[in-house]
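A short worksheet on the structure shown next.
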Amino acid sequence: MLEKTFDPKEVEPRLYEAWEASGAFKPGDHPDADPFCIVIPPPNVTGSLHMGHALNNTLQDILVRYERMRGKDVLWQTGMDHAGIATQMVVERQLEEDGGNMSRRDMGREAFIERAWQWKEESGGTIFNQLRRLGASCDWSRERFTMDEGLSKAVLKVFVSLYREGLIYKDKRLVNWDPKLQTAISDLEVVSRETAGHLWHFKYPIEGEESRFITVATTRPETMLGDTGVAVHPDDDRYKDLVGKHAVLPIVGRKLPIVADDYADPEQGTGAVKITPAHDFNDFEVGRRQGLEMVNIFDAQAHTNENVPEAWRGIERFEARKKVVAEMERLGLLAAVEDHAHQVPYGDRSGDVVEPWLTDQWYVDAKTLAQPALEAVRRGETVFVPRNWEKTYFEWLENIQPWCVSRQLWWGHQIPAWYAEDGEVFVAETAEEALAQAEKHFGRKVNLQRDEDVLDTWFSSALWPFSTLGWPDETPELKRFYKTDVLVTGFDIIFFWVARMMMMGLHFMNEVPFHTVYIHALVRDEKGQKMSKSKGNIVNPLELMDEFGADALRFTLAAMAAQGRDIKLAKSRIEGYRNFGTKLWNATRFCEMNECAIDANFDPSKLEGTVNKWIVGETARAVAAVSAGVEGYRFNEAAGAAYRFVWNIFCDWFLEFSKPALTGGDDKAKQETRATAAWVRDQALRLLHPFMPFITEELWARSERRENMLIVESWPAPDVALFDKAAHEEMEWVIELISEIRSVRSEMNVPAASKVPLLIKGADDAVRRRLEMHESLIEVLARVSSITETAAIPEKAVQIVLGDVLAILPLADVIDLDQECVRLEKELGKTQGEIKKIDGKLSNAQFLSKAPEHVIEEQRARRSEAEALAAKLEDALNRLKGAA
RNA sequence: GGGCGGUUAGCUCAGCUGGGAGAGCAUUCGGUUUACACCCGAAAGGUCGCAGGUUCGAGCCCUGCACCGCCCACCA
């Protein structure tokens with residue numbers, strides 16, 4: 001016998017272990033089946049399960065379990081990302097906390113990397129255990145890591161071949177330099193935040209013209225130490241005569257050519273702009289155009305270097321800012337200071353202000369790789385769901401900049417480039433190969449020094465869909481599962497990851513990596529705020545699972561995953577879906593108590609009872625709705641359809657209607673009802689399994705003697721033939737009638753049926769006689785009783801329904817039907833326009849004559865149906881009124 | 001500045017191709033019916049942001065406006 005509620009804590013770990021041990025998560029050996037593959041967005045090795053992961057993986061697991069049940073050969077490829085910067089930061093912080101005086105640089109590269117690996121083995125990947133708690137059915141036997149041997153091989157091969165194709169190159173350009181981490185970062189890793197700052201106006205003296213100045217404005221005064229020019233607009237009359245002359249840079253004394261350049265905006269600031277080519281992206285371009293000198297004034301930590309006057313060296317940049325301003329003021333060259341709010345670039349990991357800095361870095365020619373990636377989506381080879389993200393994707397790829405892929409870190413894939421003493425570079429997959437190349441080049445053996453830098457983490461992630469399947473080896477998995485089916489991810493990594501997988505997949509596999517990209521929402525807190533540690537508004541999915549169980553969390557996320565909208569997670573919602581699980585549990589318990597069991601000879605298409613015919617039809621409809629929802633990535637629709645079917649149809653009506661048959665004396669009806677209930681119960685468990693795998697699996701095991709676990713059972717076929725129109729209409733009628741009666745009863749404050757023991761237990765003559773006086777009610781009761789498979793009138797049989805009906809009898813006269821009729825008459829007697837004013841619901845009537853034929857028909861039918869029902873009820877009540 | 005999305009019941013949100021305004025929670029009323037109080041029944045609560053337009057008919061389509069949010073690019 002089932003307990004009254006489900007205990008997730010006991011069940012979840014036990015079932016997960018059983019699933020995993022059974023091998024159900026692995027692709028099977030059924031070569032005839034269609035393959036279905038999802039690659040997991042690899043969580044960071046440093047990660048811990050947050051709500052975004054919970055949503056992301058719930059949706060993937062729903063798809064994976066669904067397709068598995070549909071008989072596909074399913075691979076959910078899992079793995080982890082080495083997360084270069086994040087991991088290096090964690091390990092460095094740990095070194096600090098260890099109290100050791102040993103910094104990263106003290107211990108040296110090799111020891112540090114070893115330490116990082118050690119950390120990875122010990123505490124990396126706790127997130128995988130958390131995914132297990134969520135019920136994620138990934139194939140753990142194929143778990144990969146972006147720095148494992150195979151994937152490293154793929155990275156090397158990709159780097160080398162892109163280099164040989166000229167799609168990877170080394171260049172000296174301005175990069176976003178993170179002075180705290182002391183590495184270059186890509187454009188995407190820079191986030192700009194509005195910051196309250198100042199705009200300082202500096203006067204630069206004009207060479208050879210006493211007391212004449214050109215005034216420039218800047219938000220970063222310290223960069224003036226690296227100024228090499230001043231630009232004005234060619235058409236700006238104020239400065240025309242100065243073009244070609246020189247200003248003298250205060251403090252430094254450098255002569256600055258005054259150049260005419262369109263970049264200078266006469267409307268902006270003073271119309272004259274200082275040019276610092278080595279520390280500003282725009283100035284870099286101007287400097288290049290105008291042939292200005294580039295003076296780099298910072299070292300890697302953004303302290304001033306030897307290119308500034310001796311007294312100004314070795315100063316931290318913000319300190320330098322203050323000193324520059326003070327000095328300019330002292331010199332009388334500070335013309336004005338304005339408050340100025342502006343966007344300041346920060347490193348997304350370090351939180352430090354990023355400095356544009358001139359360095360040598362490796363770049364991927366993203367523009368070239370982007371073209372096929374654009375084409376593929378334009379041609380529909382890969383489709384975004386929802387579709388509107390394609391625009392974002394196009395926008396970015398069309399304006400893509402070279403991708404800086406080198407990082408001055410230690411944790412990552414070391415760049416496979418070796419340098420000879422003269423700087424000549426040899427790119428190869430191994431040191432031996434590089435040496436061989438060098439020997440050929442120089443005609444003798446030489447020593448080579450490997451590039452110190454590592455690759456951007458996203459470089460290896462970009463290869464994920466094929467590298468995890470075994471590429472560059474031609475493995476059977478690669479052949480079978482590439483291209484993969486759907487990528488499920490958040491919009492925040494469309495650029496970082498999705499676009500780059502498209503580029504790399506197309507380039508190296510000649511095929512898109514997935515046919516569909518499902519972009520889901522961001523999970524926010526109840527107030528709609530983005531969850532973040534600093535705000536302290538993080539909702540921890542693990543705590544929610546502790547409290548409500550994994551199924552409740554999963555179902556909530558699925559039910560709220562409407563396309564194109566952020567999810568604001570309300571706890572009450574999770575509680576509601578936990579209750580839904582309990583409802584399912586108790587429905588199964590009801591079946592158990594009433595000895596509902598699977599009948600081997602059961603044929604849902606050959607049933608006698610109206611209620612039974614009806615519920616199998618409803619089941620088929622639910623199956624169709626849930627299937628359509630999942631296949632259209634409308635998870636909320638799917639979850640909603642399953643919810644409504646189980647609770648509002650199966651439990652609220654079917655189980656109630658089945659009671660008479662289940663407890664009555666008609667053995668044939670009883671048997672059919674039992675078998676039907678068991679069949680529907682099993683269909684419901686199948687339907688819900690992708691959403692709520694634990695509770696359904698548990699109920700599956702405990703409700704019958706089974707051969708298989710539910711996870712490998714098949715998805716129910718939506719058999720439309722099971723829909724019996726007559727039974728459907730009959731039940732709709734009854735349900736509507738009963739609802740109406742209940743409502744009336746409640747409004748009139750009639751005590752519930754159970755309070756009229758005579759009527760319920762009775763079936764005595766007095767009741768019978770009263771009923772006979774009212775034909776309409778007898779008709780109702782006859783129909784109800786036939787539907788509920790019982791012999792004629794009362795008995796306990798139609799208890800519920802009967803109770804509702806009979807309870808009205810004594811108080812029917814309270815209803816003011818006359819008034820109701822008058823209202824109707826009035827409405828029908830008025831013109832259409834007036835009716836519209838009275839009641840918008842009737843507005844359809846006014847155009848009956850003009851509407852298309854099928855619409856008219858529809859409306860007429862609906863209307864007459866409603867009128868008939870109303871008339872029946874009113875008639876019954878009128879007779880009762882007369883009798884009372 | 002460019003782009004995307006949002007504005008529906010007190011709260012959190014559904015509403016897919018235009019045709020009955022919905023769910024969960026909260027509220028109120030009633031309930032000791034042998035599945036379930038994590039339950040059952042009922043009720044109340046909405047000018048679907050505002051203003052126009054198209055249509056027989058608009059929460060949904062079009063135009064404009066207001067407010068909120070996000071992304072991208074930025075003006076020294």
For [N], take OP1 and OP2 only and decide whether either is under 4.0 Å from a side-chain N or O of [X].
X: A:Asn636; N: B:rG15; result: yes
X: A:Trp396; N: B:rC4; result: no
X: A:Lys659; N: B:rU33; result: no
X: A:Lys391; N: B:rC4; result: yes

Between A:Glu698 and A:Arg702, is the closest basic N to carboxylate O distance under 4.0 Å?
->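 Here A:Arg702 pairs with A:Glu698 in a salt bridge, since their nearest N and O are under 4.0 Å apart.
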
Going by an N to O cut-off under 4.0 Å, is there a salt bridge joining A:Glu595 and A:Lys670?
->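 Here A:Glu595 does not pair with A:Lys670 in a salt bridge, since their nearest N and O are not under 4.0 Å apart.
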
Indicate, with a heavy-atom threshold strictly under 4.0 Å, whether A:Ala264 touches base, sugar-phosphate, or nothing.
->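 It contacts base atoms.
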
Applying the Watson-Crick and G-U wobble criteria at under 3.5 Å, what pairs with [N]? Answer none if nothing qualifies.
N: B:rG52; value: B:rC62
N: B:rU33; value: none
N: B:rG24; value: B:rC11

Counting N and O atoms only, with roles assigned by atom type, does the side chain of A:Arg321 sit under 3.5 Å from a partner on the main chain of A:Glu222, one being a donor and the other an acceptor?
->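 No: the side chain of A:Arg321 does not pair with the backbone of A:Glu222.
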
What about A:Arg634: does its side chain form a donor-acceptor pair under 3.5 Å with the base of B:rC16?
->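 Answer is yes: a donor-acceptor pair is held.
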
Base B:rC36 paired with A:Lys583 side chain (donor-acceptor, <3.5 Å) |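 Between B:rC36 and A:Lys583, which were checked side chain against base, a qualifying N/O pair under 3.5 Å is present.
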
Nearest heavy-atom pair of A:Glu398 and A:Lys367: which atoms, and what distance?
->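 Of all heavy-atom pairs spanning A:Glu398 and A:Lys367, the closest is O-NZ, 4.2 Å.
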
